[in-house]
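Heads up, the thing below is written out as structure tokens.
Protein chains get the first letters and strands the later ones, always in sequence-line order, with residue 1 at the start of each. FYI, side chains are in, hydrogens and waters are out, and symmetry mates aren't considered; it's all heavy atoms of this structure.
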Number of protein chains: 2
Amino acid sequence: MNKKDETARPEARLPKGLFDAGANEIRATERMLGTIRQVFESYGFEPFDTPTIEYSDALGKFLPDQDRPNEGVFSFQDDDEAWLSLRYDLTAPLARYVAANYANLPKPFRRYQSGPVWRNEKPGPGRFRQFTQFDADTVGAASIAADAELCMLAADTLEALGVPRGQYVVKVNNRKVLDGVLGAVGLGGDANALRRLTVLRAIDKLDRLGSEGVRLLLGKGRKDESGDFTKGAGLREDLAELLTVIFRPGQGSPLIPTDSLRQVPLSHAGQAERDRTFISDLDHVESNYLAIDLFGYVTHDLLRKNGLQSNEVLDAGLSELVEISRLVEAGGYARDRICTDPSVVRGLEYYTGPVFEAELTAPITDDRGQPIRLGSVVSGGRYDGLVERFTGEKVPATGISIGVSRLLYGLQLLGQDKSSATSGPVVVLVLDRDRIADYQRMASALRQAGIRAEMYLGESGMKAQMKYADKRGSPCAVIQGGDEKAKGEVQIKDLILGATLTAIKDRDEYLKKQAEAQFPVPEADLVEAVRGVLARHKA
Amino acid sequence: MNKKDETARPEARLPKGLFDAGANEIRATERMLGTIRQVFESYGFEPFDTPTIEYSDALGKFLPDQDRPNEGVFSFQDDDEAWLSLRYDLTAPLARYVAANYANLPKPFRRYQSGPVWRNEKPGPGRFRQFTQFDADTVGAASIAADAELCMLAADTLEALGVPRGQYVVKVNNRKVLDGVLGAVGLGGDANALRRLTVLRAIDKLDRLGSEGVRLLLGKGRKDESGDFTKGAGLREDLAELLTVIFRPGQGSPLIPTDSLRQVPLSHAGQAERDRTFISDLDHVESNYLAIDLFGYVTHDLLRKNGLQSNEVLDAGLSELVEISRLVEAGGYARDRICTDPSVVRGLEYYTGPVFEAELTAPITDDRGQPIRLGSVVSGGRYDGLVERFTGEKVPATGISIGVSRLLYGLQLLGQDKSSATSGPVVVLVLDRDRIADYQRMASALRQAGIRAEMYLGESGMKAQMKYADKRGSPCAVIQGGDEKAKGEVQIKDLILGATLTAIKDRDEYLKKQAEAQFPVPEADLVEAVRGVLARHKA
């Protein structure tokens with residue numbers, strides 16, 4: 001650092017993708033975290049925290065869309081030259097903790113955790129480099145009931161936060177279904193692990209890029225709007241086509257033309273090929289079982305027609321989906337709340353079984369009326385291999401993660417954030433600088449009576465002080481100049497009532513209201529008088 | 001990354017100075033943050049948050065004890081090669097925000113903020129690399145009343161957290177007093193800024209190293225126990241001696257031998273030199289004014305006797321201390337709560353005026369009965385130059401910071417943390433795996449009635465399930481095997497009562513209690529029966 005650098009003024013700015021938060025946002029977030037905590041506690045999860053920094057190798061690299069080895073994660077060396085990273089989620093640190101302490105934990109170990117996570121990514125609308133997650137995980141339970149419980153927890157949490165039934169859906173799939181189909185098209189085995197991941201992440205983009213774009217990503221590759229070329233998975237064209245047909249998103253399941261199902265309306269009727277027509281809009285199927293049966297039937301059929309064989313992984317995945325459906329439907333969660341959807345992928349590499357994501361389904365628009373793709377507000381899945389990374393021993397685990405900032409944003413846009421702005425403090429004006437100790441005592445007296453209050457601490461005159469009180473949203477100001485002091489009085493000024501005066505046309509009415517809006521009381525009655533003014537404006 | 005690295009297992013460990021937190025600690029912290037928030041809100045401060053990452057140059061380097069340029073702060077480059085840092089406190093980011101938004105803020109701007117901060121330091125007992133701070137700042141107020149208010153806020157907050165009066169003290173000093181004396185010994189002016197900082201940080205160690213150690217640090221340098229040599233400030237021996245005399249810690253103020261003060265007992269009587277004797281234990285001085293007057297008198301006297309001249313900075317510092325004393329005493333905060341102490345320094349470079357720190361004064365011992373030096377649990381001061389760094393315009397500002405983790409630790413050791421462990425969930429046992437949906441429904445029914453409940457999600461048998469319920473601190477288990485199912489019943493097992501059975505000697509008494517501890521009820525009465533058991537154990 002040279003002399004010039006030392007004297008040059010730094011610029012007062014924030015790095016991209018990072019944001020300050022004001023009082024209303026913080027209060028809304030706190031309320032939201034409190035509600036989530038309550039629901040998670042009611043399910044028996046216990047709070048647990050890990051630090052924000054971990055050894056880089058302990059976190060591993062499981063983020064989606066990271067081709068370069070150091071992308072995605074903020075990493076740095078400490079004084080001992082060890083590589084440390086800011087956590088990119090709350091799951092990898094949990095796996096580290098469980099691996100180190102498994103013997104002493106209750107089994108299953110059920111914890112919730114909330115806190116910031118970081119991504120060293122290109123930020124965009126709704127994509128931040130620091131954001132808050134709220135997770136619940138059950139570690140040490142292989143039972144599918146643990147996955148089903150998390151789906152119900154997600155639904156209950158959204159409803160507790162004020163999202164009406166019908167305006168959200170928890171979608172469930174199973175990585176084994178995806179892996180099974182991928183195995184059938186020749187992408188099975190450890191050697192294909194990386195290629196399988198590329199294919200999964202392409203399928204994950206079906207709703208964003210459409211079949212055309214994803215076929216390119218599955219095949220030779222795709223050039224995006226900006227001209228950037230993404231290398232494809234190199235699948236044969238007919239197989240790429242087959243995958244986009246099987247995993248076409250937005251339908252609960254494909255259809256089969258049995259008598260019992262002919263009644264189900266086909267919204268994509270008229271398409272040329274019969275098999276494609278079958279895989280059609282099935283939002284009308286009311287049972288998750290039926291949807292899974294249909295998906296399984298058609299997928300097996302399509303594989304056969306393409307000269308491919310089904311496998312055990314696919315069948316295991318389907319039967320776990322049936323099991324989840326059985327449990328959530330028994331719990332009273334119908335398909336309008338928790339819905340099987342074979343197109344759900346989730347980008348994180350470490351998932352091994354059921355995967356979930358919850359979306360707000362009501363159309364959301366921004367301040368300018370533009371529709372917004374909010375993406376999933378809750379996501380998760382089973383990650384049976386994450387503890388094994390450390391210990392070599394399989395420890396089954398499953399969890400969900402709420403994207404707190406994104407969900408709050410969504411709730412606010414939906415008008416479901418029930419935050420009422422907290423009232424500003426009562427401001428005690430300073431008219432005589434030599435009597436600051438007296439004004440300070442008035443503010444203290446109000447506080448001791450449980451009233452939010454402050455003495456004005458700036459240097460300005462009365463007019464600026466009143467402006468300050470306005471800017472702070474003060475309900476009331478306390479004024480004591482020399483005249484009032486001589487009479488042992490203080491003036492109480494009701495700022496909320498005062499603000500309405502200018503609209504009053506009638507002179508008598510004006511004078512009456514004016515007298516209510518500002519009035520003297522003996523200094524001893526200060527607290528009582530302020531309390532009276534505050535009571536006027538309670539909802 | 002080579003093949004070997006990919007297959008090698010990472011070690012499940014945490015970097016030094018970083019810690020996981022369990023349920024009790026988290027709940028106690030949450031309660032504590034809630035109480036602090038309430039007191040800060042009552043003073044009129046508003047919540048405000050900044051992100052955890054800032055541009056390195058925006059944060060600046062103001063940490064104590066950092067000789068090497070990059071020490072103390074975790075820094076890294078993002079994809080754009082820009083240098084970013086994890087914030088080391090909440091004050092530097094506030095200055096960045098205020099510099100960028102000053103025109104639109106209420107003046108003064110009063111905000112509180114809590115969150116993690118990071119130090120890339122050698123961790124030690126009570127020194128972590130990530131810890132939580134809770135700050136309140138008033139920006140845009142030059143008035144000393146703003147500083148006095150923060151001292152009162154610190155005292156009120158500690159009492160709200162359960163620290164009894166007399167078991168804490170908020171100490172106040174003024175950097176101008178320190179700077180004035182340093183100017184008098186020839187360390188004035190911009191050219192000596194760095195050396196002045198070295199001297200301040202040496203004085204700050206007076207209570208830890210004693211006069212001897214600090215004289216070395218002020219002079220040629222000091223070798224510590226580990227053999228590390230710290231270069232000294234290079235002061236002449238008589239001046240180093242003078243500074244250790246003036247700023248000798250633990251006394252409220254030095255004494256002068258006037259008639260009115262001869263009564264004050266001198267606990268250090270018997271020392272050879274008269275001037276030294278005067279600077280003696282003045283915990284008996286009950287007025288902050290008097291203490292400041294005495295300190296000022298003796299300091300001026302000592303300077304004169306050493307052929308040195310006092311200056312305006314020293315006198316301004318003393319008069320600000322008198323002003324703070326006047327305000328806090330008018331507010332009813334006596335010297336046993338807020339106390340002027342000329343030995344208080346605070347290590348942060350950016351302070352320009354009053355500095356504060358609060359300590360718990362009751363002797364604290366650890367689990368093994370060893371006394372613990374907890375250090376200050378609240379600290380702060382005025383930093384009029386921090387916004388100016390960005391804009392070139394002076395914006396007066398002052399603030400305090402609560403060390404949340406350290407304070408909680410102190411309160412726990414003092415037995416002031418009133419946390420009662422939250423009860424574990426009611427556990428619904430799984431005796432028949434085919435009937436998981438039924439058990440899940442029971443857990444849901446309990447939750448919907450506001451009772452914390454979970455279905456057992458592991459794979460083990462009944463005995464292990466009961467053990468699990470114990471480990472989770474469950475008050476009650478719900479059991480339904482084939483027999484109960486056939487009768488339409490469930491067994492309710494009171495685990496708290498059950499745990500007392502083994503101590504009962506009398507057979508009849510045992511049988512009676514046993515019947516109370518486990519009993520069948522019709523399945524429809526499940527919620528009512530569990531509620532009854534929980535009611536038995538309410539405090």
Side-chain angles (χ1 to χ4, degrees), chain A residues 1 9-10 12 15 18-23 26 41-44 46-53 55 57-58 74 76 78-79 84 96-97 99-100 106-108 116 120 130 138 140-143 145-146 326-327 330-331 390 425 436-437 440-441 444 447 452-454 457-459 468 471-472, chain B residues 1 9-10 12 15 18-23 26 41-44 46-53 55 57-58 69 74 76 78 84 96-97 99-100 106-108 116 120 130 138 140-143 145-146 326-327 330-331 390 425 436-437 440-441 444 447 452-454 457-459 468 471-472:
Chain A
M1 202 181 272
R9 284 197 206 118
L18 295 170
F19 299 95
D20 298 319
I26 293 168
E41 287 261 350
S42 81
Y43 270 75
E46 294 281 341
F48 175 74
D49 267 355
T50 60
T52 55
I53 297 174
Y55 280 118
D57 68 341
F74 286 112
F76 42 91
D78 70 0
D79 282 354
L84 308 177
R96 184 267 309 152
Y97 172 76
K107 286 163 198 76
N120 186 8
Q130 174 190 330
T138 297
S143 168
R326 195 171 74 87
L327 289 168
F390 295 98
I436 277 191
Q440 182 67 66
R441 242 194 317 261
S444 288
R447 282 199 284 266
R452 207 174 170 217
E454 67 177 52
L457 286 167
E459 311 281 309
Y468 170 78
K471 201 154 189 174
R472 289 298 307 279
Chain B
M1 201 183 268
R9 284 197 204 118
L18 296 171
F19 299 95
D20 297 318
I26 293 167
E41 287 260 352
S42 82
Y43 270 75
E46 294 283 339
F48 174 74
D49 268 357
T50 61
T52 56
I53 297 174
Y55 280 117
D57 67 342
F74 287 110
F76 42 90
D78 70 0
L84 308 178
R96 183 267 309 153
Y97 172 76
K107 287 163 197 74
N120 186 9
Q130 175 191 328
T138 298
S143 168
R326 195 171 73 85
L327 289 169
F390 295 98
I436 279 191
Q440 183 66 65
R441 244 195 314 262
S444 286
R447 283 199 283 266
R452 208 176 167 215
E454 65 177 52
L457 285 167
E459 311 281 309
Y468 169 79
K471 203 154 189 174
R472 289 298 307 279

Is [X] close to chain B through its backbone or its side chain, or both, or neither, when contacts mean heavy atoms under 4.5 Å?
X       : answer
Q130(A) : side chain
Q440(A) : side chain
R96(A)  : both
T50(A)  : both
I53(A)  : both
I436(A) : both

Handout entry: Check: F19(B) and P51(A) side chains under 4.5 Å, non-hydrogen atoms
Key =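 No, every pair of side-chain atoms sits at 4.5 Å or beyond.
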Practice task
Find the one option among L84(B), T52(B), L327(B) whose heavy-atom pairs under 4.5 Å with chain A are most numerous.
Solution key: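 Highest number of heavy-atom pairs under 4.5 Å: T52(B).
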Handout entry: Options S143(B), A142(B), A453(B), ranked by heavy-atom pairs under 4.5 Å with chain A, top entry
Key =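 With the most close heavy-atom pairs to chain A, the winner is A453(B).
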Practice task
Find the distance between CG (D78(B)) and CG (L18(A)) and round it off to the nearest 0.5 Å.
Solution key: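 If we round to the nearest 0.5 Å, D78(B):CG and L18(A):CG are 9.5 Å apart.
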Exercise for the section: Against chain A, label L457(B) side chain, backbone, both or neither, depending on which of its atoms sit under 4.5 Å from a heavy atom there. Expected result: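 Both backbone and side chain.
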Among [options], which has the most heavy-atom pairs under 4.5 Å with chain B?
options                           : answer
P116(A), A58(A), G331(A), P108(A) : P108(A)
G458(A), A145(A), G140(A)         : A145(A)
P106(A), G22(A), P15(A)           : P15(A)
A23(A), A141(A), A100(A), A437(A) : A23(A)
E459(A), E454(A), R326(A)         : E454(A)

Would you name the heavy atoms of [X] and [Y] that are closest together and state the gap between them?
X       : Y       : value
K107(A) : Y468(B) : O-CD1, 3.2 Å
I26(A)  : P47(B)  : CD1-C, 3.6 Å
E46(A)  : P425(B) : OE2-CD, 4.5 Å
E41(A)  : R452(B) : O-NE, 2.6 Å
A12(B)  : A99(A)  : CB-CB, 3.7 Å
R9(B)   : F390(A) : CD-O, 3.1 Å

Exercise for the section: Would you please classify the geometry between the F76(A) ring and the F74(B) ring as parallel, tilted or perpendicular, with 30° and 60° separating the classes? Expected result: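 Judged by the thresholds at 30° and 60°, the geometry between F74(B) and F76(A) is tilted.
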Problem - Short side-chain to backbone donor-acceptor contact, R441(A) and A330(B), under 3.5 Å - result: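 Confirmed, R441(A) side chain pairs with A330(B) backbone.
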